[in-house]
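Have a look at the structure below before the remarks.
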Amino acid sequence: MSSTSIGLVLLGAPLMAFFVALVVFRKNHLAAMMTVLLSGAATCASAVFLLATKGGTPAEQASRAWIHAGGTSIEFGILLDGKTLIMGTVVSVITLCVQVYSLSYMSHDPGRGRFFAFLALFEWAMLSFVYSPSLMQTFVFWELVGLSSFFLIGFWYRKPSAIAAAKKAFIMTRIGDVGLFIGLILLFQTAHTLDIQTLNTMSVATGNFDSGRIELITLLLFVGIVGKSAQFPLHTWLPDAMEGPTPVSALLHSATMVAAGVFLFARFHPLFMQAELTLTVVLCVATFTAVLSSTMAMVASDMKRVFAYSSISQLGFMLMGLGAGSLFAGYFHLTTHAIFKALLFLCAGAFIHEYGTNDTVAIGRAGARKLRVITLGLIIGGGALAGFPLLAGFFSKELIIHSLHDKPLFLAGAYLASFMTAYYTFRVIFLVVFPNQDSAVQVEEPPADSHDDHHSSSLPLHAPILLLTVGAIAVGWFGDSIASVLGLVAYHPSLPEMAPAIGVALGGILIAWFDFGRKSAPQTGFISKLAPLHTLFKNGWYLDVIYKKLFVGAAQAVAGLLFGTENHVLDKASDMLGQGTLTIGETTGKAQSGRLPLYIGLAALCFSGAIIALGLEMMR
Amino acid sequence: MTLEGALLLGLMLFSLGLYAVLARRNLIGILIGIELMLNAANINFLAFNYFIPTDPAVAQIIVLVVIGLAAAEAAIALAIILKLYRQRNSVDVDAMQLLRSTGAEASNE
Amino acid sequence: MSSDSQASEGEVYSLNMGPQHPSMHGVLRLLLDLRGEEVIRAKPVIGYSHRAHEKMAENRNTLQFLPNTSRVDYLSGMIYNLGYCQAIEKLLGIDVPERAIYIRVIVNELNRIASHLLWFGTFLLDLGGITPFLYSFDDREEILDILDQVTGSRLTYCYGRFGGVTWDVDETFLTRATAFLARIRERLHMYKQLVTDNVILRERCTGVGVVSEALAKSYGVTGPSLRASGVAYDVRKAEPYGGYDRFDFEVPVLHEGDTMARFHIRIREIEESCKIIEQAIEAIPEGEILPKKMPKRFKLPEGEYYFAVESARGHFGMYIVGDGSDIPVKLKLRTPSFSNLSAMPETLAGTMLADTIAIVGSIDVVMPEIDR
Amino acid sequence: MSSYAQLALLLGLGIALGAMPLVLPLLIGPRYKGKDTESTYECGVDPVGSSWLRFGIGFYVFALIFVAFEVDILYLFPIALVYEDFGWRGFVEIALFLSILSLAVVYAWRKGVFHWAK
Amino acid sequence: MPQTLTQLLDGSVLAMPIAAGLIMGMLTVNVLMLVWAERKVSAWIQMRMGPTEVGPFGLLQTLADMLKLISKQLITPSNVDKPLYHLAPLLAFAPVVAAVALFPFSESTILVQNDYGLLFVFAFGGIAVIAIFMAGWGSNNKYALLGAIRSVAQNISYEVPLILSALSVVLVVNAMGPTLSSGDGVVAINGLDLSHIVMTQDQQGIWFVVLQPIAAIIYFISALAETNRAPFDIPEAESELVAGFHTEYSGMRFSLFFFAEYTNMLIVSMLAVVLFFGGWDGPVLPGPAWFFLKSYAVIFVMMWVRWTFPRLRFDQLMTFCWKVLIPLSILNLLATAFVIAVL
Amino acid sequence: MSLHFAIAAVVSLVGALLAVTQANILHAVFGLAIALVGVAGVFFTLDSPFVAIMEVLIYVGGIAVTMIFAVMLSSVSNPKERESAGRRLLAALVAVAFFVGGALVIAHADFGPGKKLPPSAWGLEQVGRDLLGRFNLAFETLSIVLLLAIVGAIVIVRKESAMPANADEEAS
């Protein structure tokens with residue numbers, strides 16, 4: 001099979017799944033099965049691509065012209081290089097896992113036909129985005145990813161909070177998209193090509209682009225990334241996106257949506273490398289985000305919310321790695337994170353589903369550790385997240401920290417974030433594994449949507465979790481292969497180099513043990529002793545409130561000003577202007593008679609004239 | 001029978017159709033004109049294919065497709081005409097001027 | 001599903017059904033307001049065969065009016081004729097000999113069967129089935145022959161006399177009547193197979209033209225049409241006359257009130273009539289057919305009197321005002337078709353054109369009876 | 001003379017042959033003309049209103065569906081002639097075609113077009 | 001190959017007029033016979049005698065009726081739409097004359113040999129629909145207009161299952177033998193050619209009624225509706241619409257409609273014979289004899305049905321077509337295609 | 001062949017003239033039917049009998065019938081409304097201009113040498129083969145188009161929208 005036909009399967013199958021599921025969405029079971037099957041096909045296709053590629057093979061591109069406009073043809077197709085191969089595989093595998101998981105998780109939701117349709121759309125958009133060979137395709141599917149995530153977050157559309165969250169996600173990412181769009185247009189204007197490979201090649205050769213221009217473009221692109229990958233200050237949508245069904249969260253936080261931003265960065269890595277200023281901004285934002293969101297994660301009681309904040313901080317990590325110049329580090333972390341974060345969310349979903357509450361403490365008390373498989377998944381995934389040695393996250397995080405070794409300020413931030421990550425992750429683990437029934441901790445959250453039936457033992461629920469657990473253990477060891485596929489050389493930090501990071505991580509775990517794990521632990525966490533800080537963290541640094549005050553207040557102030565001006569200055573002027581316009585409009589409007597025959601007649605007359613002219617011309 | 005003859009016939013039918021489209025006030029009359037124009041085009045397709053053929057069956061298929069589209073078009077157009085009639089109690093194209101410029105005095109009333 | 005149904009579109013137009021229409025019974029004229037196939041309003045227009053029977057009654061003596069009665073309803077003329085006799089007899093206190101009573105019952109029921117058979121044929125003709133019409137007319141012909149043999153007329157009988165009947169019947173008549181009963185039972189079986197079990201007929205009739213019990217009562221619908229709407233009212237049972245209380249028969253009742261129910265009721269009434277005739281033939285005594293002593297002039301006593309019989313179409317009543325002379329001051333005929341037809345405008349509204357024909361056919365109207 | 005021309009000619013001759021017997025009555029038929037001889041028949045009374053009426057839309061919907069339907073079906077004739085050469089592929093195409101066609105019936109059915117409200 | 005009339009007459013200029021005359025003669029005899037048969041069949045079914053007076057067994061009764069109709073005055077109501085009113089009977093009449101010419105009465109007897117005979121038969125039916133409309137509209141009579149609208153709606157609706165069932169047969173024909181050997185050698189078979197349909201049945205030794213029983217039933221029902229025969233005689237339901245679209249037609253104008261109607265019966269029966277009953281195929285007797293015998297047998301069944309059943313209501317009729325016949329015929333077509341693909 | 005073509009052309013022109021000049025819109029529809037029968041005749045002379053039959057079946061048997069229904073449903077009350085002379089004159093002018101231009105082009109265009117293909121290449125089998133083969137997308141698409149036409153027609157005809165009947169009057 002040629003790569004074109006495999007590519008057709010890869011991108012066609014999810015789209016077909018979308019349409020099939022859309023058509024039969026009232027037949028929930030059928031829609032679900034079709035989606036899973038077709039998604040499986042796509043996964044196979046991506047796996048075939050990946051396995052057929054030996055390290056460092058030159059990029060292959062297969063595309064068909066989509067639109068011809070002027071001298072440029074916009075192409076639709078697939079680009080096969082290291083980045084797309086890895087990311088595509090991760091996306092398809094994780095989507096498949098989530099879909100299988102959803103078979104059980106959503107089995108009693110009356111709208112799950114629709115749900116699977118949107119999942120398929122999401123997958124299609126993300127895959128098309130990842131494999132995109134051109135700027136246009138990238139942008140279109142970037143937006144489509146946003147749109148489908150909007151559908152999925154707002155899936156339970158009768159729930160006002162879900163709608164609000166969906167809107168929030170959509171609007172906040174839209175803010176970033178404006179930047180991205182301008183950036184892409186500028187890029188096209190500068191480079192006169194839409195082809196990503198050409199662009200990257202061009203950008204590597206110095207002198208092709210004006211450096212100020214590059215910095216502007218990359219900064220604008222980064223604005224888009226900030227929106228999509230939920231970096232400060234546009235990160236607040238991501239925790240709220242928990243309102244969607246848990247499988248959606250799993251997908252959103254691991255391989256799709258948020259990963260799109262990081263992937264875009266990696267996609268244009270050569271370009272970014274040309275812009276010093278942008279890299280510094282990236283590092284600043286990423287580090288700040290990583291620390292900031294970790295603090296929030298430390299106090300969040302909702303299990304999903306903890307993981308959501310951790311996603312933000314891990315995305316910060318990735319961007320730190322990328323911003324520091326290490327494509328491999330950032331990309332590797334993107335891969336590992338996708339796997340263990342999906343695992344964590346699926347586990348969290350299983351708990352929530354089983355016990356009908358989002359609260360970690362309540363879940364622990366309800367005896368969550370009896371669900372052995374899921375608890376195991378939680379521990380492994382959590383370990384990987386915390387950077388527990390020899391698990392997946394450990395390797396990638398080490399690489400990122402290593403890549404920052406010559407930037408002490410950011411290195412310190414990384415250590416801090418890493419410490420907090422370990423702490424809050426194991427906080428969750430300990431709360432689940434060693435619940436303390438007597439502790440004074442209040443269960444804060446009301447029970448989530450109650451689920452009367454329990455499916456926790458079913459195969460579709462367990463299989464993805466087990467698979468991902470294995471992945472979370474194993475993927476870390478494949479750093480070399482990933483590097484070779486990317487066409488890079490893997491870097492292995494030596495043990496002394498790793499020691500501080502290991503220490504920080506273990507320290508975090510230790511403190512978590514002290515706070516939550518050991519017998520008669522208070523299970524409140526040390527932050528709560530610093531009440532103001534706790535409140536601050538708990539409320540997400542009041543960022544939402546600030547945004548509201550800031551933007552709404554500003555808008556109101558501006559409005560007031562405008563109102564005054566309008567009333568006293570512009571009114572008269574506009575009256576005169578309006579009158580004038582009306583007069584002009586009335587005069588010209590007479591031509592706009594609404595008489596169809598007149599229009600046609602005029603057109604026909606002109607056409608006839610042209611033909612007569614042509615005929616006379618031919619006569620000569 | 002020559003190519004020119006067939007083309008001329010097509011042209012005549014097209015002109016007649018054009019006349020109907022322009023002169024008729026009844027929407028169905030206009031539709032009749034459009035059908036005539038479509039068929040004029042069909043004649044041209046077949047005539048060209050008959051006299052200076054490049055690909056044997058392609059004109060027939062084009063005409064078949066055009067006929068099919070004409071059927072679809074007629075169905076929809078007549079449905080719209082009927083709908084218009086029900087809402088406005090007229091099929092006079094001159095009465096269909098919702099989008100016309102109404103002028104200031106009209107909007108003030 | 002189709003609240004905005006396509007049938008509710010289009011122009012409302014008026015259409016005359018009758019008086020000269022192939023399927024209108026007699027000269028009934030229905031002025032229909034239609035929208036497409038749907039009947040919006042149906043207005044019966046009557047009076048095309050008005051003969052002023054009631055006025056005639058005020059201008060001649062009771063005996064002279066006797067031949068008029070069977071012209072009022074030419075399809076069950078015998079019942080009207082004998083019913084009028086019974087009314088006068090009751091007024092004047094004339095005793096009817098036993099044999100005459102039985103003869104009257106036999107000819108009455110034969111006439112009822114004939115009427116129903118004619119209805120059966122024409123009704124199916126309205127539905128487009130032509131052949132049953134000829135079959136049922138064949139059967140009816142036999143009855144007409146039998147009655148012709150004893151009365152001398154085929155349609156507008158004047159067989160009744162005050163106090164009895166004109167001519168005695170002979171053995172031939174009784175044998176033929178018995179033979180006819182066997183024949184009609186066999187034929188009814190065939191009709192059931194051919195007609196009643198036909199899926200098209202059932203599709204056309206079931207649920208069509210439902211006359212509710214309340215509607216029927218409010219318009220004074222009587223006869224089979226009333227009994228199809230669930231009211232077990234039959235003058236023969238409710239106020240027995242002419243010796244009907246001696247016979248064992250049932251009054252069939254159905255509750256659907258639709259065309260199919262009216263169809264079934266009439267078929268079953270034919271069977272019941274057969275039962276009555278059978279019993280009457282068996283029990284008919286020998287003897288006189290007219291009382292020995294008869295008044296010369298039938299002077300009506302002063303006062304108002306009402307007497308009713310069950311005709312093939314329902315409650316036929318005679319309201320007589322006498323002033324001591326033999327010419328009634330007033331003789332008002334209460335005819336069932338008139339009341340039955342009055343219920344039609346309400347029943348027909350909202351049906352389809354084809355159903356209108358079927359429904360009007362199913363209530364079995366006779367126009368002279370309405371116009372009188 | 002091609003068979004098409006023959007058919008066209010037959011069509012024309014058919015009209016001519018049909019017109020012939022219409023001439024005969026003019027020659028041999030009576031020519032009575034009374035007051036109502038040429039009036040429109042409406043059961044013996046004067047017609048109420050015009051006879052050129054707008055009838056219900058129900059008929060029209062059927063005509064609309066029919067047009068599209070007939071076109072669809074007629075396309076199958078050339079296909080039917082070569083169907084066998086295409087084997088399974090032909091079947092798939094025809095099945096697809098017919099199922100799309102059936103969707104129209106199903107849609108109309110579900111929308112109650114075939115339900116003639118009384 | 002079948003011998004066409006033109007060949008017989010050696011390309012004479014008069015070939016077509018002679019053919020038209022022949023067809024007219026044949027059709028006139030046919031209509032006279034059919035009307036007589038209808039009267040007799042209805043009489044037998046209704047246990048009576050039918051016409052007996054004019055000619056042996058009343059055979060000439062219809063002829064007498066025809067003479068009466070010819071001698072009747074042609075009344076044109078005063079407020080008709082004259083062009084349409086006058087044209088309608090002719091337009092109803094002409095296509096049936098042309099359609100009859102397409103049928104192969106035997107292997108060598110066919111008036112006009114055409115590759116697309118089947119489609120032409122349908123196309124001529126389409127013209128008849130227009131004629132009915134003209135008659136209904138032109139008459140300026142409510143019964144006529146209502147009858148015409150009913151008739152057209154019915155005709156177009158039932159055309160769909162009719163064509164679909166014929167299509168199944170075409171599929172079978174083309175699948176059975178891509179080639180056909182006849183006197184002139186081997187020719188490619190064309191399922192739209194009426195003679196080829198018959199020849200295929202002849203050569204395969206099987207009538208398509210066996211292979212396509214559902215299509216045959218659908219065809220027969222639709223044919224009843226197409227010819228406005230009971231129980232689908234709603235357009236002319238005399239109990240409602242007096243006489244349907246030809247209410248205002250009298251004398252010979254009515255006769256032309258009447259003629260067309262009975263010829264239509266013959267045409268659908270002949271088409272049924274061609275499609276399902278092996279055409280001229282039969283032992284001993286010559287081809288045309290078999291052909292007409294079979295056709296009249298089909299007509300007899302149609303008459304039988306007419307005199308047995310009551311009439312459907314209009315909505316029931318349409319519902320029956322769209323909810324039962326059309327889905328069924330589509331399924332039948334699919335099944336046919338499937339079986340052919342499997343084999 | 002030329003004679004046949006001429007006859008068919010005359011029929012179609014006469015029909016078309018009727019179709020565009022008849023004041024009574026119903027007569028115009030019948031004129032259209034005649035014109036299309038003529039066009040079908042032209043198709044026959046151009047060796048495309050199947051297309052010709054389709055033309056008759058679909059246009060005459062289908063579209064014309066639907067149009068007549070539409071006329072009956074909409075224009076019955078005033079079928080004989082004639083347009084003003086000025087309007088007709090203007091329309092005629094435009095049409096004639098178009099015709100003149102087109103005729104000039106036809107008269108002076110060089111279409112190159114004509115050649116004939118063997119009749120088998122024109123056959124219905126070829127059409128069928130192409131419909132199933134290289135033009136199968138057109139074939140299937142057409143079914144979807146017609147499906148949509150049916151659905152659209154039903155939707156348009158059946159659903160009453162909220163638009164007031166006299167929206168125009170309200171504006172003025």
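Numbers restart at 1 for each chain; the letters A, B, ... are given by sequence-line order, proteins then strands. Here the structure is a predicted model, which is why all the values come from computation and not from measurement.
Using a 4.5 Å cut-off between heavy atoms, D:Leu101 makes no contact with chain F at all. Only the side chain of D:Glu70 comes within less than 4.5 Å of a heavy atom of chain F; its backbone N, CA, C and O stay farther away. Of the two parts of D:Tyr75, the backbone and the side chain both hold a non-hydrogen atom closer than 4.5 Å to a non-hydrogen atom of chain F. With a 4.5 Å cut-off on non-hydrogen atoms, D:Ala108 touches chain F through its backbone and its side chain both.
Interface summary for chain D: among F:Leu147, F:Ile68, F:Val145, F:Ile144, the most heavy-atom pairs under 4.5 angstrom belong to F:Leu147. Taking F:Ile7, F:Ile53, F:Leu142, F:Ile63 one by one and counting their heavy-atom pairs under 4.5 Å with chain D, the maximum is reached by F:Leu142. Comparing D:Ile65, D:Leu98, D:Ile94 by how many heavy-atom pairs each has under 4.5 Å with chain F, the most go to D:Ile65.
Across all their heavy atoms, F:Phe43 and F:Glu55 have their closest contact at CE1-OE1, 3.3 Å.
Within the 4.5 Å cutoff, the side chain of D:Phe66 has no heavy atoms near those of the F:Val65 side chain. Contact of the F:Phe139 side chain with the D:Leu76 side chain is registered, since non-hydrogen atoms from C-beta on lie closer than 4.5 Å. For the pair D:Tyr107 and F:Val155, the minimum side-chain heavy-atom distance is below 4.5 Å. Here the side chains of D:Phe77 and D:Leu74 are in contact, with some heavy-atom distance below 4.5 Å. By the 4.5 Å heavy-atom criterion applied to side chains, F:Phe50 and F:Met54 are counted as neighbours.
The OG1 atom of F:Thr141 sits 10.5 Å away from atom CG of F:Leu146, with the distance rounded to the nearest 0.5 Å. Between the CG atom in F:Leu46 and the NE2 atom in F:His4 there is a gap of 13.5 Å [rounded to 0.5 Å].
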Let me check something: any side-chain donor-acceptor pairs from residues 28-41 of chain F under 3.5 Å, sequence neighbours excluded? List them with distances.
none

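For residues 13-20 of chain D, an interface with chain F (any heavy-atom pair closer than 4.5 Å) does not exist.
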